[in-house]
Structure formats: structure tokens, C-alpha cells
Amino acid sequence: MIKMRVGNAVLKVSGGKMIKVRVGIDDGKICQITISGDFFLHPENKIFDLENMLMGKECESVERCVGEWAKDVVIVGATAEDFKHVILMAINRAK
Amino acid sequence: MIKMRVGNAVLKVSGGKMIKVRVGIDDGKICQITISGDFFLHPENKIFDLENMLMGKECESVERCVGEWAKDVVIVGATAEDFKHVILMAINRAK
Amino acid sequence: MYLAPVMSTKMRLLLTGPRNAAENMAIDEAILLAGDVPTLRLYEWSPPAITIGYFQSINEEVNLNECKKRGVDVVRRITGGGAVYHKHEITYSVVLPEKLVPADILESYRVICGGIIYALGALGINASFAGINDILVGGRKISGSAQTRKKGRVLQHGTLLLDVDVDEMFTLLRVPEEKMRDKIVKDVKKRVISIKQVLDNYRKDDVIDALINGFCKALHMSAEEQNMSDTEAEMARRLAVEKYSSYEWNHMR
Amino acid sequence: MYLAPVMSTKMRLLLTGPRNAAENMAIDEAILLAGDVPTLRLYEWSPPAITIGYFQSINEEVNLNECKKRGVDVVRRITGGGAVYHKHEITYSVVLPEKLVPADILESYRVICGGIIYALGALGINASFAGINDILVGGRKISGSAQTRKKGRVLQHGTLLLDVDVDEMFTLLRVPEEKMRDKIVKDVKKRVISIKQVLDNYRKDDVIDALINGFCKALHMSAEEQNMSDTEAEMARRLAVEKYSSYEWNHMR
């Protein structure tokens, strides 16, 4: 049986937008992640880049990864801090 | 804070194929589900129908839903029973 | 101080009437990708439809079984934002070269949404811009918009509610937590409004005329009715079938 | 008892050489959807590529950062099955009207895979059919296939390994559980084999010729080299860009 743990978090940011995160953790590293919600992000398909960047990373790298990713995108209706926060929440629940 | 619970299961069926299921449960009902893996299913996009059918259903309805869905598809490399089994495993872990 | 707009730039007006959800979203994408003139499009939905934002999970936002039962279309947008139930409304889309709008996205929402505020003003309704992209009447939302930018162009589309039935809407939309459903529905009822609730009498054609004039004023352009080009029409036809009717796009997340 | 095939039906042979992953998958889809003649296609991959099955999650199966670093393409197939690393191999696809193959999918795999078994036999390699769609040499897998059916036609595509580097493959592929990685890699090394490991010397062209003759024999057809039709080529070009190069398709699950 495969021992991955999954976790889930939903953040309602000020202004009412939601960010939803599902993660899987294997051996202390992110092995699944899906980020969804009703925020705005430009260009839109950069959401896949964030998911890709986080895959295989240790949970401690989340802040750095999101920070780096955020340099190349425009987030509207939420902040990079919101993304960090909700991803870490989901990870904590997977532990 | 939103109280959905998430669960996850991976089934390796005889012959080596894998079925992976992630579910979210809210108020005893399925509110998220993703089924992935390296099985064969014809027509392929009927996988979305299964996910759609299961959404909002009580966990007790899984067997009936999968059974009904399986009438219209051809599964190769796994069986409808395998799908039932792994979906129920994921639900149990979400509880 | 009010400055009269300089009607120097011409904008194309597309009145595409009521269409199904896949066609409507396909036309918006086609005029964004293939259209090379500033465009204002006004349209409606038949059958009624739900659109979800680019980043949303269709199954988490929408009760697809109920939509199927009631003949309501469901489609994913290329723009972010939330799920919208399109029934009694006028929908607009504006496509402009990026250089004609502020580079800052929030600023550009404000400029383009100005068209709706002018339109409501002309109908005698006092409306204000709020948040990222909402338009409020008496503190309640009457219009929402969403924007994307591709190939040096901006597409902004959005709604203006003619009427609203929140109970019906929530038979089709899911809520983040079922136990909170009643409270959420009650809250939303307090927070939205439609033209019907503000004006005793209105004619849809007057709303459409007001929108055309409002966007002309907000964008400092004049509008001339035209048809889609053959290239756009062909691209829209293809996108409607291959993209917006596909499970793969609509169920992407 | 060996029955000589009746070479009554003509099949089109497409030799499309090495292409990138998006182009390769686009051509397979185009000949499935737009091609109306029985077709055998043989092709290769440049750069090397990973394809994942229709139902797989790209991020769970593939280390995309490592693929990017090494210049390896990654693309989702329209067929089910698992992730495959395509480097030193000949890839085939066969498109046939459904009425020319057994309705039962397992049976039809067996018939079409017969082409590869005949080809290996002609090269002096004794191979056998196993499981759903594997071909084994000395109990180890040398070829895998996947099938889909659309519009009354069958597409089956698959690989024949010329060489294999399991260590390299697992720098690119993820494993279900990291702690089991070494064991998994070791197991896979025991369970796969390539032509290079069986034949002291082989020429790629001989393998290609053997495959053409093998499929002709298995399908009871004769083959004639042709080019794609303009319609197919145009559809393939479009699918390569709009579908197989898109995040939305490749990251669908």
C-alpha cells in the first residue's frame, strides 16, 4: 500500500476570492498538487508552472518557490503571500 | 474554515495496472473526486462521467454508481470491482 | 470635471444575439485571437448557462447533474474569476490592443467597466465601481467582469444583470460547505441586484443601446455594427466544437 | 499451421521519420480522425520524449523539471496506459476501420501486435504476446501498445525498443513511492529488453522493413508508401500547436 498523505486547504482572502489547494506528501516532499479557485492570474497558464515548480520539493521550499514564481506573474484578487499561506496549510494537514 | 476531509488511495490491480483516486468528503457526501492511472477505458472521456456521477453522492452509493457507469464502458486492465474498491478505500481514508 | 470623449478611434460592434455557451465562449476567444480591430460585442445565452473561471474545478463549483436535468449549459472560460449563472442578462465583451488600455490590470478594469457605469447612468441608475471588477447599485452587485491578455490584446467580458433568481442559481451551483448553504444563499440574495429590481419598466433594447453608448464614451471611440470576419467565424466554429464542448477543457481542473 | 495472408486490401504506409512529441501525437490523431484509408505509420522521436496515458497525472508520473533540463518533450496521449520514454525505438501506429479488426479489444490487440511478433521473428527473435498488449522476448518486455477507437476507426500505437536505459528513464519518471525507487528501478531492469540486447548486430532499416512486412502479414494487407493528405497535414499542424503543446491538454489530470 502506498503511503502518500493528502491534505487540503481553502483560503478565503480579503475581497472574497478563494484559493483551494490539494497536496500529496511522500517522504517529506510534495508529490501531488492542484491549485484552484476564483482568483485572477496573468498569464493564466502560469498556474501550471507553479504546480510544476512545487512538485518534488520539500515543504520548506514552498515560500521560496512561490516567491520566485510570483516575479513573473500578475495575481489579481489575492497575493503571493495568500498562495504561500494556503499551500502551507494544505501541507500541514497532510502530515 | 472549510471542513472538507480529503482521502487518497492507489490500487495496483493484478496485471500491474494502477488506479489512483483522490476524494473530498463534505457532510457525508463526495464533493471532490479525481480518478487517474494507467488503465484503459473506452471511450476514454467516460472517466469524466464517472466523476460527475459520484459528485454529491453519499458514500453508500458508490457501488451502485460504478456498477451503472460500467454498463456503458469497456474497462481494460482493471475491472469495475477494482474501481469500486479503490474509490471506497479513498473515502474511508477521508473519514 | 467631465471631458467629452474624442470619438477618433472606430470600434467594431458585434451583436451576436443569444447563443449556446460553447459558441459564446468560442466567439470571444476568436475575436481575441484573430480579430485585429477594437471590438465591442453584446450577446445573450440560450439555453441559460453557467461559466466557470479558468482556475475552477467544474465539479466542485457546479452540480452538473442538475444542469443536465434543467438543460443548462456549463463551460469553462479562458478568464479567471468565479462561476456565473447567465440567464437574464446582457453580456459584453471588449477586445482592444493592449496599448489602448492601461498596462495596470486594475486600472484597465476601471476604464472598461466605466462603459457599464455610463450605461446605467443613462438608464437613470446610479452605479459605482468597487473591488477589482464589480459594479454596485445601492451597495449590491449588478455587474461582474473578467479579463485576459493574449497576443498583445485585452479581452474583457462581463455581465449586466437584467433579472436574478438566486434560489435557482444555487440549485445549479455548489457551495463550499453544504451545512452553510442556507446562510450563503441568504447572503448572496442581499448582495446582488438586477435592473428589474431598480427600474419599474425597462426595455432590453434600451439597455443594449445604453451599453453601446456607454462603452463608446468610456473608451473614447465610435462604434459601427459589423459581422465577424470569415476567419473569426471559422475559428469560433472550430473552438466551439473542439475546445468548449470537450470534457478535456471543461473538466481541466 | 501457417496460412499465407491474402494481400487483398491495400494499406497506406507513412514513414514520417523523427519528429517532436507534439507533432507525433498530432499526426496519430489526424490520421485517426481525418484519414479514411487503412494506414501503417512508422516513426521516431527527436528530441527524446515521454508520453503519458490519457488518464495519468503528468506531474505525478513525470519529473518535468528534469525533462526540461535534459530537453525531453512530455506529452499526453489520447490512448490510455502508462508513461513511456521514447528514445531508441521504432514507434508504429495502425489506423483501421473498426470492421476490419475484432470488436473485442483484447482480441484486436492480439491481431495487430501480431505484426511486431512477425517482425521480430523475421529478425530471428522469438517473441510472444502477453497480458493485454505486451510483447515479450525471453519473458522480458520489448514492445507495448495502446489503442483507442473513435468515429468507427481504431488507432493502435506502440513501441519496439531498439535500446533501453532504465536508469536514464527513471531520472525522468517519478515512482509511486520514493523510498521504493531503487527496488522499482531494479525490477524494471529485469523486466525489459531491447533488440540491441538480443542481436549482436542490427540495422535500423532492417527493423523498419521487418515491421512493414510483419504488419502486412498480420493484417493480411499490402502496403504502399504515400504521404499524408493535405487535410491530415493541416489538421496535424493545428493539433500539434493548439492541443499537444498546450498546458491545458497535457496537465488535464
Side-chain angles (χ1 to χ4, degrees), chain A residues 1-8 19-62 64-75 83 87 90-91 94-95, chain D residues 21-22 49-76 82-83 85 167-188 239-253:
Chain A
M1 200 37 57
I2 285 153
K3 291 194 197 81
M4 186 209 318
R5 299 293 307 267
V6 291
N8 175 73
I19 312 176
K20 303 180 177 191
V21 173
R22 277 179 297 179
V23 293
I25 304 291
D26 170 34
D27 205 17
K29 288 177 183 148
I30 297 172
C31 67
Q32 277 188 353
I33 182 157
T34 309
I35 303 165
S36 60
D38 61 354
F39 50 87
F40 292 93
L41 171 72
H42 303 262
E44 287 79 7
N45 62 18
K46 289 278 176 185
I47 195 69
F48 297 108
D49 280 344
L50 177 56
E51 292 171 354
N52 297 350
M53 279 173 74
L54 290 167
M55 284 292 296
K57 293 290 194 311
E58 278 155 29
C59 307
E60 294 72 37
S61 322
V62 168
R64 193 178 41 71
C65 275
V66 176
E68 207 172 294
W69 168 78
K71 288 180 200 161
D72 292 331
V73 299
V74 177
I75 309 169
F83 278 85
I87 293 165
I91 288 171
K95 278 175 175 169
Chain D
I50 287 170
T51 63
I52 57 165
Y54 182 92
F55 307 102
Q56 292 190 300
S57 156
I58 196 168
N59 258 326
E60 287 170 44
E61 301 299 330
V62 186
N63 185 333
L64 292 172
N65 294 325
E66 200 59 34
C67 289
K68 203 170 176 180
K69 208 181 292 174
R70 293 173 182 244
V72 172
D73 281 354
V74 185
V75 74
R76 180 184 303 279
Y85 182 40
D167 288 312
E168 185 181 64
M169 184 165 96
F170 276 101
T171 60
L172 304 169
L173 294 182
R174 296 193 191 281
V175 292
E177 208 174 344
E178 273 302 326
K179 287 200 169 127
M180 303 294 283
R181 175 174 281 275
D182 291 349
K183 186 186 175 312
I184 293 167
V185 174
K186 213 170 139 189
D187 280 0
V188 171
L239 286 169
V241 175
E242 294 177 10
K243 178 171 182 173
Y244 291 103
S245 301
S246 76
Y247 275 107
E248 289 85 358
W249 168 255
N250 289 322
H251 289 248
M252 181 180 77
R253 313 234 107 197

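Every value quoted in this text rests on a predicted model; they were computed, and no experiment measured them. In what follows, chains carry the letters A, B, and so on, assigned in the order in which the sequence lines appear, proteins first and then strands, with residues in each chain numbered from 1.
Taken to the nearest 0.5 Å, the CG atom of D:L64 stands 13.0 Å off from the CE atom of A:M53. Interatomic distance, CG of D:N59 versus CD of A:Q32, reported as 10.0 Å (0.5 Å rounding).
The minimum heavy-atom distance between A:K57 and D:N65, with the atom names listed, is NZ-ND2, 3.9 Å. Here the closest non-hydrogen pair linking D:R174 and A:M55 is NH2-CB, 3.4 Å. Heavy atoms only, all atoms of each residue included: D:E177 and A:D26 are closest at CA-OD2, 3.5 Å. Nearest approach of A:N45 to D:E248, heavy atoms of both residues: CB-OE2, 4.2 Å. Taking all atoms of both residues into account, the shortest heavy-atom contact from D:H251 to A:N52 is CE1-OD1, 3.1 Å.
In this structure, no portion of A:E44 lies under 4.5 Å from any heavy atom of chain D.
A:D49 places a side-chain heavy atom less than 4.5 Å from the side chain of D:Y247.
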